K.L.:
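Input: one structure, supplied below.
Chain letters run A, B, ... following the sequence lines, proteins first, then strands; residues in each count from 1. Predicted, not measured: the structure shown is a model, and the values here were computed from it.
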Amino acid sequence: MSFDKVVARADFPALERSILKFWSDEGIFEKLRAKNRGRKKWSFLDGPITANNPMGVHHAWGRTYKDAFHRYFAMAGHDCRYQNGFDCQGLWVEIEVEKQLNLSTKADIERIGLDTFTEACKQRVHKYAAVQAEQSKRLGYWMDWDDSYFTMSDDNNYTIWSFLKKCHETGFLYKGTDVMPWSGRAGCAYSHMEIAEGRKLVAHTALFVRFAIRDRENEFLLVWTTTPWTLTSNVGAAVNGDLTYVKLRAKRDNALYYFAKDNLNHKRLDKEFKQGFGSQPWPKNVPKLKTLHQIFNEHGGYEIEGEVRGSELVGWTYDGPFDELPAQQQQGGFAAPMDLIPADQRGWASGRDGHRVIDPGKDSRGESYVVAGEGTGIVHSAPGCGDVDNKWGKKHEMVAIAPLGADGKFIEGFGPLTGKRATDKETVQEIIASLKDKGLLVAAEEYPHIYPHCWRTGDELVFRLVDEWYISMDWRDDIKKMAQRVNWMPASMRGMEREMDWLTTMKDWMISKKRYWGLALPIWECHKCGTFEVMGGRDELRERAVEGWAEFENQTPHRPYVDRVKIKCVCGEHISRIPDVGNPWLDAGIVAYSTTRYNTDREYWNEWVPADLITECFPGQFRNWFYAILAMSTMMELGKEKPRPPFKNLLGHALVLDENRQVMHKSDGTAIWFEEAAEQLGVDTMRWMYCAQPPTVDLPFGLRHPDEEITVQCADGGTITHTVDGDRLCRVTSKPADEVRRRVLMSIWNCYKFFCDYARIDNFDPTAEQVPVADRQDIDRWILSDLQLVVADVRGAFERYELAPVCHAIEEFLDNLSNWYIRRNRRRFWRGQSEGDADKLAAYQTLYQSLVTLTQLAAPVVPFLSDTIYRNLVANHVEGAPESVHLCDYPEPDETLIDRDLSDRMAALLKIISMARAARTNAKLKVRQPLAMIRVQPASDTERAAVELFKDHILEELNVKDVVVDDDLSSMCMVAIEGNMKLLGPAFGKNAGTVARALADVNAKATAEQIARGLSVEVKVGGETHIVEPAAIIVSKSYGDDWAGEEQVNTVVLLDKRITHELKLEGLARDIVRHVQTLRKEANLDLEDRITLSVRTDDDDLNEAARVCRDHIARETLAADIVHSSLEAAATSSVKIDGKTVEIELVRCQDDGLRTM
RNA sequence: GGGCUCAUAGCUCAGUUGGCAGAGCGCGUCGCUGAUAACGACGAGGUCCUAGGUUCAAGUCCUAGUGGGCCCA
């Protein structure tokens, strides 16, 4: 049985699909798991993928990493868990389900019922988990797909309950009232983690407004705001006591204005106007901002009447801009419900009665809150509408007036504004009109800035007074200690420093969200006595339940089911769960405990935690998953003698971008779906791209062409037109993928094809007795030695979790194998079977071993290509061999085969060959032209040995008749010298330059000889004599007309340029051979076909060459006969050699083709 | 506004204790080809962001500035 024939052009996607079928039919993955069961463990912890949409190619980078490491550690004999995770709960699912069910508000959701909504969310998660699993399988991602974890599972949720219980017991869980960024569309507040996701450049109508100072006739504070709706809730005005303020008299109405002196002529956003905001330009249609000088000048002119310190303004009172609103009259402030106002504030003066100037001082870093610059140096302060304002308000006893409801609209108490959306243009216009009526508007402008928006709905965020639940971060130092025990990779990402940054600056963790689909926060709160309790798990809740347990018992711990359970408060009340759901990063952060049976099988947890590795895309995760898993694990371990980190190594990687390094967007059709790339580029190609990419650098993947729909033809006759999710497949192009396929996959394929083509002809038997390595040629022993070195390198790189070096080591070996070993040894495979020599068998065995090992080495990265090759080379021919490459043991280096001297000599040979080729090119002597001689002056014993050992390779490769080693070619040289600044510098200091210039004037040849004898050189500069060490002088050489020279340091290669008549004829013969070979190929002849050849020309030299070198031509072209008359053959070609025309014809002989040497 | 970080060929990036500015890709010319759409040689392409400073010598160290990225306000 011989090897299967290998096609020239592999259809990689088709090949991958057939390997998938093989794996599935034969249960290869299950066999692998069985093989490793009970062996040393390699533990991986999966960061859950959001099960909300199909996978794109940007997900495939991380998943390729995960699979490649699993496959490596499995081949290296480790037992793995293979558990994939799906992230299931959170606003992103709600938003998609709302779209699906055509719901637009929270009221809509409540109308259809929370149970219906929750079930729809679960269904969506299951649907996309299945889609992603299918896509992942196509990627070759070997996971235990029946054992994926879901963050919505009971296990996961109840483990978070136990975590929250622990937070409560340690006193870190609390309810706080704060002003939070809020989305009216989503109806919930955002944590600081989420705000960063949704920042957008927009232009807002900003207003300069004046506040009338009480008890001073026609005098005003000038304030500025980008959020006009907050003026309704103004309570105070903040100044910086250390700033200088001007008193400006406007001529138009004789009014006196106070504002910071620096602001009069400050050019606001001048830099942004010229250069834009980062990568974004200044918005079109937004005019340049005016200075206050301009504004007052355009309004009739002004005079400066004096200056005053900010501290003098403090304590002044003024009339607010909306004092007519009922909300401004309410003692203690205004909010709905009034519960939001803490009891100790209920006696404070109303907004209207409390308007006054304060100095809020400095923040925790010692920076003043109020500075001159963008505004007026007087900050309008509304403690119910801003988080900083709220902080000042509490300190200065200024009440909070909270104007907005959950929908982002004005609540009752705001007169004509009630019911209107705060951020609508019309509402802003109405506020402006009101201010104009009251004579308070000084100027309005369009002001561009980067402002937070809802990261899912795109809704502009407002700030709203709410109560939310928090975990205090007073224990952040414990988390830091945990983070420091983890190995953050790659080191240049400085992951630990970035995590430390976040842990240092992050505020308390807001864990509640006023939504529906998510972790039910296990907090039961008593509205009568104000206490709250945390349930640590399902059992505890059952014991405490006094109502509703029966309704809940068979349900998952989600809304609305769990909301029905009441417990008894210490005060006797029957109390309910708070309606909030949890932050989704709680769901992902607990998985080091929830997925490893922490609460049910502690022994199992002990065995698998800490995980050896986690790996995710870097951007964002420092404040998300990395943070959550470290924080939650730290809490779970709090108080233990030896706190256990959740994982040992963390590997991050950058982003997948399009080929022009732009972010791909789903919305404009440029995001590449996984299937599109897989079926057009091939999964192995993609995997190699991901693995070879430096993890710190964004990967420019390719381009999707949304206008070009395509259909993929499958080998079984079927077609693929849509993704698993039903999207139409479109054309994807990728230059990086094309390069990888060409340079790596095709190169492997062609080595494999070369081997199979000849092995089939010769019926090579891989199980035949091995030719002892000692008896093989040096070049065989060299490639085998190189193979052991690459095995060691690749293993080391995998163990260090560095995939790029894995790929690069394999690529380098492949280059050596393909472009040197095979290239140099082709003739050993060509020659006739009848000779049946051990040397030929040695070549086969050497190449076979190289290919098989290479295939095993690359298997974790390109599992499909590897298995295809392995199965043809090994599984189908070697009895007892594993049926899949993935069931093999990973190769280990055989020390006895490593010969470093040989490697050094081969490197030296390659260097000399390369130098000689350069000399040929420079002398315009093409390789087909034989030359008489090459002289080599070796720079070392290694180079000398290389020339002697590989003499035949030099003769053949360079097409020369003889090679001579010559220790001293200096007699053939013309010599020039120059100083080596690296050594002259330290030796001569300031004079180094002068000495170097003086060297130009000395006798070069004499000096060079002196140096060769190891003697120093004397240089006279302006009457002073300097002694120059020989090493500090660089000698360079050139050669005469008969020789083409090339040199590197002490290595010299000289080619004899003199071409005799015989050499010339030989060169012409080789030209003829080459043209015949081309013609053979064009005529689609088989390698073994013999031909009758006709060569006709008028040129004497060519005729002579054809006659003299007749045997050579016949042997090389498998010509049985050479004639000089026309054959009337189909295969004919008219070519020019040396400018002379030659007619070539050939026909295939009918007799069976015995190959000749 | 603050912190960190980066700036080198058309693109992506190396550049070690300071010592002759590099690689890959792309481009051009030539060569090689009986596995290879492969490969080899050569070439064009540089204000090493700017300005000062230290030094015999700065892409490299120091200072200031400009611009980008990330994080935090």
Side-chain angles (χ1 to χ4, degrees), chain A residues 6 8-9 192 196 271 275 278-279 363-369 371 373-374 387-388 492-494 497-502 504-507 618-620 622-623 659-661 693-694 696-700 735-736 738-739 741-744 746-758 808 814-815 818-820 822-823 826-827 829-830 847 910 913-922 924-929 957 959 978-996 1034 1046 1070 1073-1074 1076-1078 1080-1081 1085-1089 1116-1118 1155:
Chain A
V6 179
R9 282 299 158 72
H192 290 92
K271 192 181 116 185
Q275 296 167 2
S279 54
D363 65 16
S364 56
R365 296 152 181 260
E367 306 282 332
S368 291
Y369 279 116
V371 292
E374 286 310 302
D387 52 352
V388 183
S492 63
M493 280 276 198
R494 302 179 319 105
E497 286 89 333
R498 288 165 76 172
E499 192 62 48
M500 289 296 155
D501 261 13
W502 169 253
T504 302
T505 57
M506 72 158 305
K507 299 178 179 177
F618 251 135
F622 294 104
R623 58 172 187 271
E659 209 166 297
N660 302 318
R661 288 171 195 279
Q693 179 74 2
T696 52
V697 181
D698 291 339
L699 174 64
K735 283 184 198 160
D738 292 345
E739 196 209 322
R741 192 182 313 103
R742 179 167 51 80
R743 210 189 67 240
V744 182
M746 284 308 292
S747 192
I748 294 175
W749 189 259
N750 282 315
C751 292
Y752 162 61
K753 176 175 160 54
F754 173 88
F755 173 85
C756 287
D757 282 349
Y758 289 99
H808 297 150
L814 181 62
D815 187 53
S818 171
N819 292 320
W820 193 245
I822 293 182
R823 174 187 165 81
R826 278 181 298 203
R827 281 173 188 272
F829 296 93
W830 297 347
L847 180 55
L910 290 171
I913 297 267
S914 163
M915 287 172 67
R917 281 205 280 244
R920 262 191 179 273
T921 303
N922 290 336
K924 296 205 185 307
L925 294 167
K926 56 187 181 183
V927 176
R928 274 196 301 275
Q929 177 57 60
E957 184 68 19
N959 196 16
E978 63 181 321
N980 180 353
M981 292 311 291
K982 192 168 180 174
L983 296 171
L984 288 180
F988 296 100
K990 282 180 186 170
N991 292 321
T994 323
V995 172
I1034 298 168
E1046 187 72 19
R1070 284 182 65 134
V1073 168
R1074 178 172 161 252
V1076 174
Q1077 304 292 28
T1078 307
R1080 276 186 67 112
K1081 229 184 207 176
L1085 295 194
D1086 275 346
L1087 294 183
E1088 308 149 80
D1089 288 337
E1116 290 295 315
T1117 64
L1118 296 191
R1155 281 178 302 145

K.L.:
Looking at the side chain of A/W502, which of B/rA35, B/rC72, B/rG26 is the nearest nucleotide?
P.N.:
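The answer is B/rC72, which lies nearest to the side chain.
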K.L.:
Hey, does the side chain of A/W830 come within less than 4.0 Å of B/rA35's phosphate (OP1/OP2), counting only N and O?
P.N.:
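So the side-chain polar atoms of A/W830 do come within 4.0 Å of the phosphate oxygens OP1 or OP2 of B/rA35, strictly under.
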K.L.:
Got a sec, which residues hit side chain to side chain contact (heavy atoms under 4.5 Å, CB included) with A/R1070, two or more places apart in sequence or on another chain?
P.N.:
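Side chain to side chain contact (heavy atoms under 4.5 Å, CB included) check on A/R1070 returns A/R928, A/N959, A/H1112.
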K.L.:
What pairs with A/T504 under side chain to side chain donor-acceptor pair (under 3.5 Å), at least two apart in sequence or on another chain?
P.N.:
A/K480
K.L.:
Give the ring-plane orientation class for A/F754 versus A/F829, where under 30° counts as parallel, over 60° as perpendicular and anything between as tilted.
P.N.:
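Perpendicular: the ring planes of A/F754 and A/F829 meet at over 60°.
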K.L.:
Return the value, rounded to whole Å, for the distance between atom CG of A/D501 and atom P of B/rG2.
P.N.:
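The answer, rounded to whole Å, is 16 Å.
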K.L.:
Got a sec, which residues hit side chain to side chain contact (heavy atoms under 4.5 Å, CB included) with A/D815, two or more places apart in sequence or on another chain?
P.N.:
A/N819
K.L.:
In whole angstrom, what separates A/E739's CD from B/rC27's P?
P.N.:
11 Å
K.L.:
What interatomic distance, in whole Å, is found between P of B/rU50 and the corresponding atom of B/rU60?
P.N.:
10 Å
K.L.:
So, using side chain to side chain donor-acceptor pair (under 3.5 Å) as the criterion, who are the partners of A/R1080 when residues are at least two apart?
P.N.:
none
K.L.:
From the options B/rU33, B/rC72, B/rA38, select the nucleotide whose nearest atom is closest to the side chain of A/R742.
P.N.:
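Of the options given, the side chain of A/R742 lies nearest B/rA38.
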K.L.:
Please list, chain by chain and in numerical order, all residues satisfying side chain to side chain donor-acceptor pair (under 3.5 Å) with A/R917, sequence neighbours excluded.
P.N.:
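Result, side chain to side chain donor-acceptor pair (under 3.5 Å) vs A/R917: A/E957.
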K.L.:
Grab the N/O contacts between the protein and nucleotides 40-42 of chain B below 3.5 Å, and write none if there aren't any.
P.N.:
unit_1, atom_1, unit_2, atom_2, d
B/rG40, O2', A/R917, NE, 3.0
B/rA41, O2', A/T921, OG1, 3.1

K.L.:
So, using side chain to side chain contact (heavy atoms under 4.5 Å, CB included) as the criterion, who are the partners of A/E497 when residues are at least two apart?
P.N.:
A/R494
K.L.:
Write down the atom of A/P736, the atom of A/P700, and the distance for their closest heavy-atom approach.
P.N.:
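Heavy atoms only, the tightest pair is CG-O, 3.2 Å.
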K.L.:
So A/R920, base contact, sugar-phosphate only, or nothing? Heavy-atom distance under 4.0 Å.
P.N.:
nothing
K.L.:
Taking only N/O atoms, report every protein-nucleotides 9-16 of chain B pair under 3.5 Å with atom names and distance.
P.N.:
none

K.L.:
Sequence neighbours left out, what passes salt bridge (charged side-chain N to carboxylate O under 4.0 Å, His left out) with A/D757? Give chain and number order.
P.N.:
A/K753
K.L.:
Just to be sure I follow the notation: if a pair is Watson-Crick (purine N1 to pyrimidine N3 plus N6-O4 or O6-N4) or a G-U wobble (N1-O2 and O6-N3), each under 3.5 Å, what dot-bracket string does RNA chain B give, with | for pairs to another strand?
P.N.:
(((((((..((((.....[..)))).(((((.......))))).....(((((..]....)))))))))))).
K.L.:
Please work out if A/I822 contacts a base, only the sugar-phosphate, or nothing of the nucleic acid, heavy-atom cut-off 4.0 Å.
P.N.:
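Base, at least one base atom sits under 4.0 Å.
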K.L.:
Tell me which nucleotide among B/rU33, B/rC25, B/rC32 gets nearest to the side chain of A/R826.
P.N.:
B/rU33
K.L.:
Of all the choices, B/rA35, B/rA73, B/rG26, which nucleotide is nearest to the side chain of A/C751 once you look at every atom?
P.N.:
B/rA35
K.L.:
Between the side chains of A/R498 and A/D501, is the shortest nitrogen-to-carboxylate-oxygen separation below 4.0 Å, so that they form an ion pair?
P.N.:
no
K.L.:
Applying a 4.0 Å non-hydrogen cut-off, can you work out what A/E497 is touching in the nucleic acid: base, sugar-phosphate, or nothing?
P.N.:
nothing
K.L.:
Name the nucleic acid region contacted by A/T1078, choosing base, sugar-phosphate or nothing; use a 4.0 angstrom heavy-atom cut-off, strictly under.
P.N.:
nothing
K.L.:
Identify, with sequence neighbours excluded, every residue that meets side chain to side chain contact (heavy atoms under 4.5 Å, CB included) alongside A/R743.
P.N.:
A/E739, A/E811
K.L.:
Holding to side chain to side chain donor-acceptor pair (under 3.5 Å), I want the full list of residues that pass it with A/N750, two or more places apart in sequence or in another chain.
P.N.:
none
K.L.:
Rounded to the nearest Å, what distance is computed from the CZ atom of residue A/R741 to the C1' atom of nucleotide B/rA38?
P.N.:
15 Å
K.L.:
Assign A/R1080 to base, sugar-phosphate, or nothing according to its heavy-atom contacts below 4.0 angstrom with the strands shown.
P.N.:
nothing
K.L.:
Between B/rC61 and B/rU17, how far apart are the two C1' atoms, rounded to whole Å?
P.N.:
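Straight-line distance between the two C1' atoms is 12 Å.
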K.L.:
Using whole Å, what does the distance between atom C1' of nucleotide B/rG26 and atom CZ of A/R743 come to?
P.N.:
14 Å
K.L.:
Does A/R623 put a side-chain nitrogen or oxygen below 4.0 Å from OP1 or OP2 of B/rC71?
P.N.:
yes
K.L.:
Nearest to the A/R498 side chain among B/rC72, B/rU33, B/rC70, which nucleotide is it?
P.N.:
B/rC70
K.L.:
Does the side chain of A/Y752 get closer than 4.0 angstrom to OP1 or OP2 of B/rA35 through an N or O atom?
P.N.:
no
